[in-house]
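Written out below as structure tokens is the structure these notes cover.
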There are 2 protein chains.
Amino acid sequence: MATIKEVSDLAGVSQATVSRVMNGNNKVSDVNRERVMAAMDKLGYQPNSFAQALATNRSYSVGIVVGTLSGPFFGPMMHSIESVLRKEGQHLIATSGHDNIEQEREAIRFLNSRRVDAILLVVQAMSDDELIELCTRNPNVFVLNRYVPELAHRCIYLNNELGGYLATKHLIDLGHTRIASITGPLVHFDARERLQGYRNALSEAGIEYDPQLIVEGLYQEDGGTKAAAKLFQRGIDFTGVVCGNDNIAISVYDILSQDNESPAERISVVGYDDMFYSRYLRPKLTTIRFPIEEMGTIAANMVLQNLADKNLVNGVQLEPSLIVRESSAPPVS
Amino acid sequence: MATIKEVSDLAGVSQATVSRVMNGNNKVSDVNRERVMAAMDKLGYQPNSFAQALATNRSYSVGIVVGTLSGPFFGPMMHSIESVLRKEGQHLIATSGHDNIEQEREAIRFLNSRRVDAILLVVQAMSDDELIELCTRNPNVFVLNRYVPELAHRCIYLNNELGGYLATKHLIDLGHTRIASITGPLVHFDARERLQGYRNALSEAGIEYDPQLIVEGLYQEDGGTKAAAKLFQRGIDFTGVVCGNDNIAISVYDILSQDNESPAERISVVGYDDMFYSRYLRPKLTTIRFPIEEMGTIAANMVLQNLADKNLVNGVQLEPSLIVRESSAPPVS
DNA sequence: TTGTACGCGTTATCAC
DNA sequence: GTGATAACGCGTACAA
């Protein structure tokens with residue numbers, strides 16, 4: 001790779017002049033500018049961003065660490081983040097924590113040694129305390145999809161309680177009174193919040209909370225299969241089920257189809273997240289929409305904002321909404 | 001951020017010694033090693049990778065440019081790439097070309113100025129010629145999911161013709177003779193190859209190729225809706241349809257359900273890619289499996305290999321396989 | 001085993 | 001408008 005020196009030699013000017021035309025400094029004569037540009041593309045010159053970063057102490061890149069790169073969740077999020085960052089000349093460095101605390105730490109170390117201008121964290125394994133310490137040491141860290149009270153001004157998160165409430169309320173409004181819930185793993189704060197929303201809707205309607213109707217599942221693919229089986233085996237009676245996410249809802253579809261049943265007939269099903277495949281299920285899944293892209297966009301803008309003026313950023317809570325499709329219907333009795 | 005100098009001052013040794021303990025050089029006395037390590041974590045020292053890269057001319061990172069970060073395709077691929085790279089201390093810098101030739105170029109420029117050790121290209125917009133030029137200039141560029149004859153030793157790609165053949169052959173074996181195809185955009189080489197596979201299967205079975213049965217669709221979500229509508233409106237008779245990918249197959253599901261029909265009844269449907277949601281469709285989608293993770297793993301290993309010994313790498317063609325599920329059945333006549 | 005000093009490719013501050 | 005030259009943080013001969 002050609003260096004600035006080779007360019008300056010070829011153009012017959014000093015390195016400083018080359019640097020000036022690179023950075024759009026207008027105090028360069030047209031003749032020299034021409035010469036430099038010619039030399040540049042003759043050599044296929046690309047500035048070495050390491051050297052630039054070393055000299056300016058700015059990397060023009062922001063890092064993100066996500067639980068896992070695969071899955072329908074992070075793709076759209078990273079997509080929207082990258083879109084807004086790029087417009088400002090910033091780039092995204094993606095690392096995966098593989099939902100493992102040691103790897104999450106390692107990823108953060110890596111990004112720090114990369115001297116990224118900001119770090120976006122979408123992690124679950126790491127504890128609140130560790131997050132707090134991290135954020136106090138580094139003023140450019142933001143937390144996505146998670147609410148830590150002490151870090152409120154740096155969190156962009158979903159109102160999960162409201163989501164759980166909306167899902168449950170929808171079934172109640174349809175006339176259901178025996179409503180089960182297959183939650184996500186309750187070590188995840190969002191699963192707990194969604195469950196709380198469920199309880200709120202119940203109590204608002206004067207329906208008693210019955211622990212028998214609650215099962216804990218997992219968020220990932222097939223993560224609800226065992227849990228759903230457990231629920232049905234309890235032999236208790238219910239007409240609707242609120243699921244921790246769409247994957248869990250799919251498991252319920254599966255179980256029902258084993259008995260040649262379909263959601264919305266005997267049992268109504270409500271999901272959570274509105275993943276893009278949910279509208280392709282049959283019957284189409286009624287679910288809670290999670291504005292993933294919006295979360296990404298807001299996070300990216302917050303980063304930019306923070307780079308410009310540290311004191312202007314504030315946390316954001318996003319609101320979920322109910323998407324009614326076909327998997328929910330009045331109970332048959 | 002602390003620098004190596006602050007560490008050396010605090011530890012009472014020279015910068016060189018600090019550098020030695022960082023890089024595991026064993027020619028350091030235990031006493032000094034202890035002191036340095038203590039100083040390091042007291043200061044929360046993180047080496048500046050820009051300075052390291054500048055000094056060593058190695059960045060320990062590989063760049064990837066993909067068409068779009070969202071979608072069910074790139075997530076799993078990036079996931080597997082990142083997994084193997086990380087084990088070797090390499091990191092992944094992800095950029096999106098947004099399926100736009102100018103942005104793809106920009107992404108490559110960015111990665112070059114980042115002096116990445118290798119570049120992985122998963123792009124469609126860029127021409128073969130441009131790719132060839134790029135690869136000859138830079139010996140560490142690899143092309144994924146695309147076959148360029150001149151670059152055969154740097155391509156990791158799928159045998160798309162075989163995939164198209166398998167899909168079609170499956171329907172023929174079931175007894176179908178009037179088989180339509182909704183292809184991907186024929187500007188994409190892979191769509192053309194899949195179509196060719198379709199033709200091969202037909203001719204092998206002595207069935208004449210009928211252009212009336214071919215419609216061109218798009219790969220993205222809903223990309224097959226218009227095309228499928230067009231096909232049905234032609235009013236010609238067929239009993240099976242081979243789709244360019246699973247998204248297109250979903251569109252066919254949609255159209256059929258509008259008439260209260262279901263795949264595998266009057267019309268059999270075969271997809272392509274085996275995206276993870278395909279088994280959750282009802283009926284479960286018969287499709288061609290695309291080993292995405294494997295492609296990622298192979299690519300990452302190739303990068304590593306190439307870094308170790310330039311002359312040892314070779315291109316790889318991956319084989320698709322048929323996954324029979326429920327959307328295909330013998331024709332009713 | 002340890003320290004000195006130079007080079008990596010830029011930017012930025014000076015003089016001119 | 002232009003050109004020296006000193007940082008930036010680290011690796012690494014080379015000398016001690």
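Proteins come first, then strands; the chains are lettered A, B, ... in the order of their sequence lines, and each starts at number 1.
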By side chain to side chain donor-acceptor pair (under 3.5 Å) - contacts of T95(A) (at least two apart)
none
With sequence neighbours excluded, residues passing side-chain contact (heavy atoms from CB on, under 4.5 Å) with [X]:
X       : answer
Q317(A) : Y157(A), N159(A), E319(A)
E34(B)  : none
N314(A) : H153(A)
A125(A) : I101(A), E104(A)

Please determine, by modelled atom types, if Y219(B) and D273(B) share a side-chain donor-acceptor pair under 3.5 angstrom.
no
Go through the structure and list residues passing ring-ring contact (aromatic ring centres under 6.0 Å, His included) with F142(A), not counting sequence neighbours.
none
May I have all residue pairs that pass side chain to side chain donor-acceptor pair (under 3.5 Å) and include part of residues 122-133 of chain B, sequence neighbours excluded?
R105(B)-E130(B), D128(B)-R146(B), E133(B)-R137(B)
One character per nucleotide, please: for nucleotides 6-16 of chain C, 5' to 3', B when the base has a protein heavy atom closer than 4.0 Å, S when only the sugar-phosphate does, - otherwise.
-BBBBSB----
Residue pairs passing the ring pair (Phe, Tyr, Trp, His ring centres under 6.0 Å) test where at least one lies in residues 87-106 of chain B, sequence neighbours excluded:
H79(A)-H98(B), F110(A)-H91(B)
Axis bend over the full length of the helix from dT1(C)-dA16(D) to dC16(C)-dG1(D), computed from five pairs that close each end, to 10 degrees:
40°
For residues 42-56 of chain A, please give each side-chain donor-acceptor pair under 3.5 Å, one per line with the distance, not counting sequence neighbours.
unit_1: N48(A); atom_1: OD1; unit_2: F50(A); atom_2: N; d: 2.7
unit_1: N48(A); atom_1: OD1; unit_2: A51(A); atom_2: N; d: 3.3
unit_1: S49(A); atom_1: OG; unit_2: S113(B); atom_2: O; d: 2.6
unit_1: T56(A); atom_1: OG1; unit_2: Q52(A); atom_2: O; d: 2.8
unit_1: T56(A); atom_1: OG1; unit_2: R58(A); atom_2: N; d: 3.2
unit_1: T56(A); atom_1: OG1; unit_2: R58(A); atom_2: O; d: 3.4

Please find the earliest and latest nucleotides of DNA chain D, in the 5' to 3' direction, that have an atom within less than 4.0 Å of any heavy atom of chain B.
dG9(D) to dA13(D)
